[in-house]
Amino acid sequence: MSCHKRIDRALKRAVRLPLTCHSRYVVISDCHRGEGSSNDNFLNNQHLYYAALEHYMKRGFYYLELGDGEELWENRHMERIKDCHSDVYEMLERFEKNCRAIRIYGNHNMELKDSLPEAVILENREGGRDICMIHGHQADLFNSVFWKLSRFLVRYLWKPLERSGVNDPTSAARNYRKTVRYEKCLEEWTVMHDTYLAAGHSHRPRLSGDEGLYMNAGSCVHPRCITAIELENMEMTLVKWTMATRSDMTLYVAREVLEGPVSIK
């Protein structure tokens, strides 16, 4: 099965939500929440993520998480992850109780596929294009069809080597050539369907615009920042949350615009 067909298959089972001029969505991907060990790449940015969610909660945004919320390849116990990041999961529960959150699964939390959907489609009620959302591993043969083999290699080979600074060559986030092939597949899909496609997986943030309809929310494990895509007033904005310093030398969590806003057409 081609990568395009795997994307089509995922979208056939998508959760559908309305997209109007009154909609407020924030799209975040690849948190890779772990158990608090040295391999927990989310741990350093947990305070940025929590502050960002507080911001979006207060402003009435709907939270969309595009997969790999948990790192279940390097870790085996979901409850330990929840215990380590209990404040984060309490915040997510607040969104869910208000019916303002959907989390889909990715390859690194594929074990949750029986309880989480695989895709989301924002149906444009203003006459423009819909926005399809997947994690993106569907465009990556090794991390979709052969995900159990990939998980085995990560868990027993690349996890120990990561402590020594060795990058996982099977990861789209750490292998440039693999990322280029992955993004090419997603870009081709948007041309074939004339539809926006938002994903994660590669950890490379990107906003659609003159160059095409493919966009990427990035990740929450960048050094010193997390990235997100905001959808508001029928516009898209790529932002990052990072630490900044005031004139009196106090630190605070800052929201910075990376790209946009871009009109949804």
- Item | Hphob cluster co-occupancy, L207 + L122, side-chain heavy atoms under 4.5 angstrom | yes
Charged N to carboxylate O below 4.0 Å: is that the case for R204 and E183?
yes
For Y49 and Y63, the nearest pair of non-hydrogen atoms, with its separation, is OH-OH, 2.6 Å
In this structure, CG of L11 is separated from CD1 of I121 (nearest 0.5 Å) by 5.0 Å
Review point. Looking only at atom types and distance, does a side-chain atom of E126 sit under 3.5 Å from a main-chain N or O of C21, one as donor and one as acceptor?
Key: yes
In short, S208 meets V262 closest at the heavy-atom pair O-CG1, 3.8 Å
Distance col, row M91:CE vs D87:CG, nearest 0.5 angstrom, shows 8.5 Å
- [ ] May I ask you to decide if H22's main-chain N or O and T20's side chain share a donor-acceptor pair within less than 3.5 Å?
- [x] yes
| field | Chi angles and distances behind the side-chain contact (heavy atoms from CB on, under 4.5 Å) call for Y25, L19 | value | CA-CA 9 Å; Y25 292 102; L19 177 63; 4.2 Å; yes
Do the numbers put R246 on top of the ring of Y252, so that NZ or CZ is under 6.0 Å from the six-membered ring centre and no more than 45° off the axis? yes
N39 and N75: CA distance, side-chain angles, deciding distance, side-chain contact (heavy atoms from CB on, under 4.5 Å) verdict = CA-CA 9 Å; N39 288 88; N75 307 286; over 6 Å; no
Less than 2.5 angstrom apart at the SG atoms, yes or no, for C31 and C220? no
inquiry  = Checking the side chain of N233 only, and the main-chain atoms of E235 only, is there a donor and an acceptor separated by less than 3.5 Å?
reply    = no
Notebook entry, point to check: Between N45 (side chain) and C225 (backbone), is there a donor-acceptor pair under 3.5 Å?
Noted result: yes
Review point. Under the 3.5 angstrom rule, does the side chain of N124 hit a backbone N or O of R129 as a donor-acceptor pair?
Key: yes
Taking every heavy atom of L66 against every heavy atom of S29, the minimum-distance pair comes out as O-OG, 3.1 Å
- [ ] Say whether, by atom type as modelled, one donor and one acceptor occur between the side chain of T227 and the main chain of A217 under 3.5 angstrom.
- [x] yes
### Message
I'd like to know if the side chain of D68 reaches the main chain of H108, judged simply by a donor and an acceptor atom lying under 3.5 Å from each other, with no hydrogens or angles considered.
### Response
yes
R224, CZ: over 12 other non-hydrogen atoms inside 6.0 angstrom = no
E187 and R206 have their tightest heavy-atom pair at OE2-NH1, 2.6 Å
**OP:** Evaluate the side-chain proximity of L72 to L112: yes if any heavy-atom separation is below 4.5 Å, no if none is.
**Re:** yes
ask   = Are the side chain of D40 and the backbone of S37 linked by a donor-acceptor contact shorter than 3.5 Å?
value = no
Where does the angle between the aromatic ring planes of H201 and H135 fall among parallel (under 30°), tilted (30 to 60°) and perpendicular (over 60°)?
perpendicular
Distance col, row C3:SG vs Q138:CD, nearest 0.5 angstrom, shows 10.5 Å
Practice item. Could you state whether M215 and L213 fall into the same hydrophobic cluster, counting links through intermediate Ile, Leu, Val, Met, Phe, Trp or Tyr residues with side-chain heavy atoms under 4.5 angstrom apart? Key: yes
Less than 4.0 angstrom from a charged side-chain N to a carboxylate O is my criterion; do E70 and R103 meet it? yes
Between L64 and L231, does a side-chain contact (heavy atoms from CB on, under 4.5 Å) hold up when you go through it step by step? CA-CA 11 Å; L64 298 174; L231 307 175; 5.5 Å; no
- Query: Is it true that a side-chain atom of E90 and a backbone atom of V88 form a donor plus acceptor pair closer than 3.5 Å?
  - Reply: no
Is it the case that the side chains of S150 and N107 hold a donor-acceptor pair, with the cut-off being a distance below 3.5 Å and no angle test? no
Closest non-hydrogen contact found for V26 with F61 is N-CD2, 3.8 Å
- Task: Kindly say whether G260 contributes a backbone atom to a donor-acceptor pair with the side chain of T237 at under 3.5 angstrom?
- Result: no
Between the CG atom in L92 and the CZ atom in R100, the distance rounded to the nearest 0.5 Å is 12.0 Å
Q: Compare all side-chain heavy atoms of E123 with those of D130 and state whether any distance is below 4.5 angstrom.
A: yes
Describe, in one word, how the ring planes of Y105 and H137 are oriented to each other, choosing from parallel (under 30°), tilted (30 to 60°) and perpendicular (over 60°).
tilted
Distance col, row I28:CD1 vs W241:CH2, nearest 0.5 angstrom, shows 9.0 Å
### Task
Starting from the C-alpha separation in whole Å, work towards a yes-or-no answer on ring pair (Phe, Tyr, Trp, His ring centres under 6.0 Å) for W189 and H4.
CA-CA 6 Å; W189 187 93; H4 301 136; 8.5 Å; no
Query raised in the report: Applying the 4.5 Å side-chain criterion to the ILVMFWY set and letting contacts propagate, would V253 and L53 be lumped into a single cluster?
Result: yes
Nearest heavy-atom approach of T179 to S202 is CG2-CB, 4.0 Å
Say whether L43 and W73 are linked into one hydrophobic cluster, either directly or through other cluster members, by side-chain heavy-atom distances under 4.5 angstrom.
no
Only residue of R59, R24, R255 satisfying side-chain hydrogen bond (donor to acceptor under 3.5 Å, both in side chains) with E230 is R255
Output for pair (K12 NZ, R9 CZ), nearest 0.5 Å, gives 9.5 Å
Of E96, R33, R94, the one forming a side-chain hydrogen bond (donor to acceptor under 3.5 Å, both in side chains) with Y89 is R33
Hydrophobic cluster membership, with links at side-chain heavy-atom distances under 4.5 Å among I/L/V/M/F/W/Y: are F146 and F152 in one? yes
### Message
Could you walk me through whether K148 and M110 satisfy the side-chain contact (heavy atoms from CB on, under 4.5 Å) test, starting with their C-alpha distance in whole Å, then the side-chain angles of each, then the deciding distance to 0.1 Å, before giving a yes or no?
### Response
CA-CA 9 Å; K148 290 186 177 180; M110 186 84 76; over 6 Å; no
Note to self: Counting C-beta onward and ignoring hydrogens, is there a side-chain heavy-atom pair between V145 and R6 closer than 4.5 Å?
What the structure shows: yes
